Every structure is written in C-alpha cells, then in structure tokens.
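Scroll down for the structure; my scribbles are underneath it.
Whatever order the structure lists ligands and atoms in, that order sets their numbers, starting from 1. Keep in mind that this is a model prediction, so the values were computed, not measured.
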Amino acid sequence: MSIRLGDVAPNFTAETTEGAITFHDWKQGAWAVFFSHPADFTPVCTTELGRTAALQSEFAKRNVKTIAVSVDPVESHRGWAGDIGDVGGTDLNFPIIADESRAVSEAYDMIHPGEGDTSTVRSVFIIDPNNKVRLTLTYPKSVGRNFNEILRVIDALQVTDSAPVSTPVDWKPGDRVIVSPAMSTDDARARFGEVEEVKPYLRWTPQPKA
Ligand code: BEZ
C-alpha cells in the first residue's frame with residue numbers, strides 16, 4: 001500500500017550500521033529524512049550518501065535526523081562506509097538500515113519492479129516530529145536526488161507550520177511568503193505588519209521570524 005501525506009509513518013525495528021533501532025524511538029522529537037537507495041557500492045548511491053553525510057550539520061540545525069535503507073546486508077553497508085566518506089569528504093555519520101527481508105521497503109512501497117529488479121528505488125520520506133509523513137519523492141535508479149531541495153522543503157515546511165502562510169513557486173529561505181487564504185487581510189496586517197495585496201487571494205508578506 002502506498003503512503004500518503006498526513007499518514008503516520010509506519011514504525012519498524014531493523015538492523016542498521018549503528019545497531020538495531022525502532023524507528024519511532026530513534027527519531028523521537030525530531031524530523032526525519034528517510035530515504036532508500038538501490039544498492040551498496042554503486043556510483044550514484046555513493047554520491048548521495050556522501051552528500052547526506054556532508055550536510056549533517058545543516059540537518060541538525062533544523063532538528064532533522066537522516067536514515068537510509070537498502071536491501072543489502074549490514075556487513076555490506078559497513079564495508080561501503082569508507083567509500084562514502086572518501087567520496088563525500090565526511091565519514092558516514094548516520095545509520096543505514098539493512099533490509100534483507102524487504103519488510104521495511106515493502107511497508108514504504110520502495111520496491112517498484114518495473115524499474116528493473118526488486119531492489120529499492122530512490123524514495124524520500126520527510127517525516128515530522130509527530131511521525132506524520134509530510135513529503136514523498138520517488139526518483140528512478142538512474143537519477144541522483146538534489147539534497148539542497150530536500151533542505152529547502154524542510155525549511156518551507158517549518159515556516160508554514162509556524163504561521164498561516166504558504167510558500168510560492170521557487171521559494172528560498174528569506175523570500176516573501178503568501179498569506180493563507182483563510183486569513184483576512186486586516187487580520188494578516190495585525191499579525192504580520194506588512195501585507196501586499198496583489199489579488200484578493202494572493203497576498204505577500206515577509207517570511208515570519210521563527
Ligand atoms: C547507482 O547508484 O549508480 C545505480 C544503482 C542502481 C541502478 C542504477 C544506478
């Protein structure tokens with residue numbers, strides 16, 4: 001079954017490079033980026049995990065923990081870790097799940113046999129501190145993901161959770177945001193100060209302070 005936005009992220013217990021974890025306990029109180037890759041010792045995956053390791057301080061600033069999964073065994077993940085460090089420039093600093101039984105990959109619908117075989121495709125789940133799924137992405141095996149975009153979406157989710165606003169096309173942190181259609185312009189001015197009304201339904205305001 002596929003997972004929809006707003007669903008509770010399925011909980012599981014699994015072996016990882018950092019020992020056995022129970023997902024909801026492991027991420028308790030934090031956001032999580034949970035992502036699958038097709039296989040260890042493959043080039044695109046090595047660049048992706050290397051980048052995730054190098055971005056760990058950016059994730060930590062946002063209270064985000066990262067965790068990867070593939071169907072390879074834990075000894076394989078541990079053997080690959082050195083290459084991830086060499087390629088990304090930072091030692092592997094987050095866990096990789098060994099999902100040999102495919103129980104986790106199946107719970108998250110990460111195996112798409114039309115993509116070649118029964119390894120996982122490049123899925124991403126952004127999960128909030130209440131364990132709700134807030135974003136899903138699915139990339140083919142041949143295309144590496146953009147982890148700057150993953151950070152950007154987390155920033156957007158955290159801003160839109162903090163105030164009745166939405167983020168427009170191509171939004172970047174610090175750009176103006178859109179006042180929620182549910183809020184009157186008078187109420188928006190009382191709450192945010194500056195509000196520019198372009199259309200009755202499109203009102204801009206500076207990004208609220210965290
Ligand atoms: C890669 O990581 O390079 C890769 C893995 C599986 C299929 C295609 C590419």
Under 3.5 Å: N/O of T42 near N/O of ligand 1: yes
Within the 4.0 Å heavy-atom cut-off, what P38 brings close to ligand 1 is side chain
Give a yes/no on ligand 1: does A39 have at least one heavy atom closer than 4.0 angstrom to it? no
Quick one: nearest non-hydrogen protein atom to atom 3 (O) of ligand 1, plus distance? V44 N, 2.8 Å
Any idea which protein heavy atom is nearest atom 4 (C) of ligand 1, and the distance to it? R122 NH2, 3.5 Å
Tell me whether the rings of W80 and F41 are parallel (<30°), tilted (30 to 60°) or perpendicular (>60°). tilted
F35 and F147 aromatic ring geometry - parallel, tilted or perpendicular at 30°/60° bounds: perpendicular
Could K65 and W26 be counted as a cation-pi pair, given that NZ or CZ must be under 6.0 Å from the ring centre and within 45° of the axis? yes
Would you sort out whether S101 and E106 count as a side-chain contact (heavy atoms from CB on, under 4.5 Å), showing the intermediate values? CA-CA 9 Å; S101 73; E106 280 168 8; over 6 Å; no
Counting from 1 in the order shown, the ligand 1 atoms closer than 4.0 Å to a non-hydrogen atom of C45 are 1 (C), 2 (O)
Using modelled atom types and a 3.5 Å cut-off, is there a donor and acceptor pairing between side-chain atoms of T17 and backbone atoms of I96? yes
Identity and separation of the nearest protein heavy atom to atom 7 (C) of ligand 1: K141 CB, 3.6 Å
So, F125 versus Y108, ring centres under 6.0 angstrom or not? yes
